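Working notes, structure below.
Read the numbers this way: they start at 1 and go in the same order the structure lists the ligands and their atoms. Being a predicted model, the structure only gives us computed values, none of them experimental. The basis for the numbers below is simple: all heavy atoms, side chains too, and nothing from hydrogens, waters or symmetry mates.
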Amino acid sequence: MFRPVIRLVEPYDAGVFPEDVTRKYGVPKEKVVNVASNELPYPPPEAVVAAVSKAAVAANRYPKPDYQELKESIGEYVGVPSENIAVGCGASELIDVVCKVFLEAFDRVVVPVPSYSMYVFFAMLRDASVELLETEGCNFELRAEDIIRRGEGAKLLFLPSPNNPTGFQMRRSEILSVAEALPSSIIVVDEAYVEFGDLRESVAEDATGLDNLVVLRSFSKFFGLAGLRVGCAVASKEVAATLEKIRLPFCISGVAAAAAKAALENLEYYQEMKEKIIKERAFLESKLKELGLKVFPSAANFLLARLPEGVSAKTLTEALLRAGVIVRDVSGVLGLSRECLRVTVGTAEENRRICECIKTSLEENRR
Ligand SMILES: Cc1ncc(COP(=O)(O)O)c(C=O)c1O
């Protein structure tokens with residue numbers, strides 16, 4: 001009854017949620033520290049909440065499907081004309097739309113691993129031939145040279161920068177050299193976390209002038225709107241218009257579009273939150289290193305940490321859950337052969353609690 005590929009694809013694993021921890025371990029919901037999904041730990045500013053309430057009153061109406069006002073605000077923020085922008089229900093929908101627009105059955109798609117699982121998922125649903133580019137051997141660096149070698153003849157390549165779960169950010173010059181060396185391939189640069197890294201390495205503005213470069217952005221991370229589902233793509237006018245043609249007509253709810261627009265009008269707040277995250281990322285990194293974990297340099301709002309020899313990520317993750325801390329065990333993901341955790345940077349208080357709990361769990365493990 002189903003297409004064969006439906007049996008092959010793995011459903012998205014959204015991990016453990018705070019309510020699961022409360023139900024299973026009896027930890028009160030307000031005591032749970034959720035650092036598993038790379039969300040912002042801070043709530044939206046009042047202006048965004050007010051915009052949501054205001055838009056909710058008109059929820060009986062469809063949103064205007066061209067989302068022109070939102071595109072203009074995004075354009076101003078990114079520094080590109082609104083005609084170069086396509087929107088979607090999170091960056092995730094745009095990964096799907098990009099695959100629908102460009103991929104025929106058996107087209108080659110290159111995906112570095114480890115990385116965000118939805119690239120393989122949506123490419124497989126197009127019956128594309130997915131090739132994995134392993135990065136573990138070179139400290140998870142994505143190097144233009146390797147990408148160009150493997151990308152020869154590929155229809156599409158995904159380059160997440162910063163990458164999830166590694167936090168590695170590619171340099172703009174390296175990305176542009178890939179786009180130049182592979183003019184017949186579509187290079188999709190996923191910049192969902194770029195605001196936590198070095199914005200000078202973003203290729204969003206470059207994408208307006210290159211037919212084979214598509215840049216994805218998300219409102220779920222820096223703008224802390226994961227619950228409202230807003231993302232966008234920046235590309236040449238022709239590519240942006242084609243993505244717009246294929247996406248769902250009302251992919252972003254009126255409430256979410258209003259929130260995203262209000263968020264873009266409150267950049268100082270997000271800048272402040274980002275500064276806290278960057279400071280806390282350094283704290284968390286040094287503490288985890290003190291505890292004997294190998295932490296990879298991260299340009300995002302999370303850290304990839306390899307556990308000391310003999311410590312099982314599954315056992316440690318379970319122990320942390322019992323203590324009310326949700327981290328992500330990423331040991332099983334494609335391209336990661338060792339016992340690893342991914343920890344999102346939380347608030348100052350949360351980060352101290354995470355480190356305390358990891359310390360206690362490691363000590364228990366040694367006994
Ligand atoms: C690299 C990367 N791209 C895209 C997404 C999805 O973002 P969105 O919430 O905008 O769909 C994620 C979510 O974790 C991600 O890690």
Could you list each N/O atom of ligand 1 together with any protein N/O atom closer than 3.5 Å, one pair per line with the distance?
residue, atom, partner, partner atom, Å
ligand 1, 3 (N), D190, OD1, 3.4
ligand 1, 3 (N), D190, OD2, 2.6
ligand 1, 9 (O), S220, OG, 2.6
ligand 1, 9 (O), R229, NH1, 2.9
ligand 1, 9 (O), R229, NH2, 3.3
ligand 1, 10 (O), A91, N, 2.7
ligand 1, 10 (O), S218, OG, 2.7
ligand 1, 10 (O), S220, OG, 3.3
ligand 1, 11 (O), A91, N, 3.2
ligand 1, 11 (O), S92, N, 3.0
ligand 1, 11 (O), S92, OG, 2.5
ligand 1, 11 (O), R229, NH2, 2.7
ligand 1, 14 (O), Y193, OH, 3.2
ligand 1, 14 (O), K221, NZ, 3.0
ligand 1, 16 (O), N164, ND2, 2.7
ligand 1, 16 (O), Y193, OH, 2.7

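For the residue pair Y119 / D190, a side-chain donor-acceptor distance below 3.5 Å is found, with atom types taken as modelled. The closest side-chain donor-acceptor pair between E141 and T135, if any, does not fall under 3.5 angstrom. Under the 3.5 Å distance criterion, with hydrogens and angles disregarded, no donor-acceptor pair is assigned to the side chains of S37 and R342.
Between the side chain of N38 and the backbone N or O of T344, no donor-acceptor pair lies under 3.5 Å.
Applying the ring pair (Phe, Tyr, Trp, His ring centres under 6.0 Å) rule to F196 yields no partners; only residues at least two apart in sequence or on another chain are considered.
A parallel orientation is assigned to the rings of F250 and Y62, their planes being inclined by less than 30° (bins at 30° and 60°).
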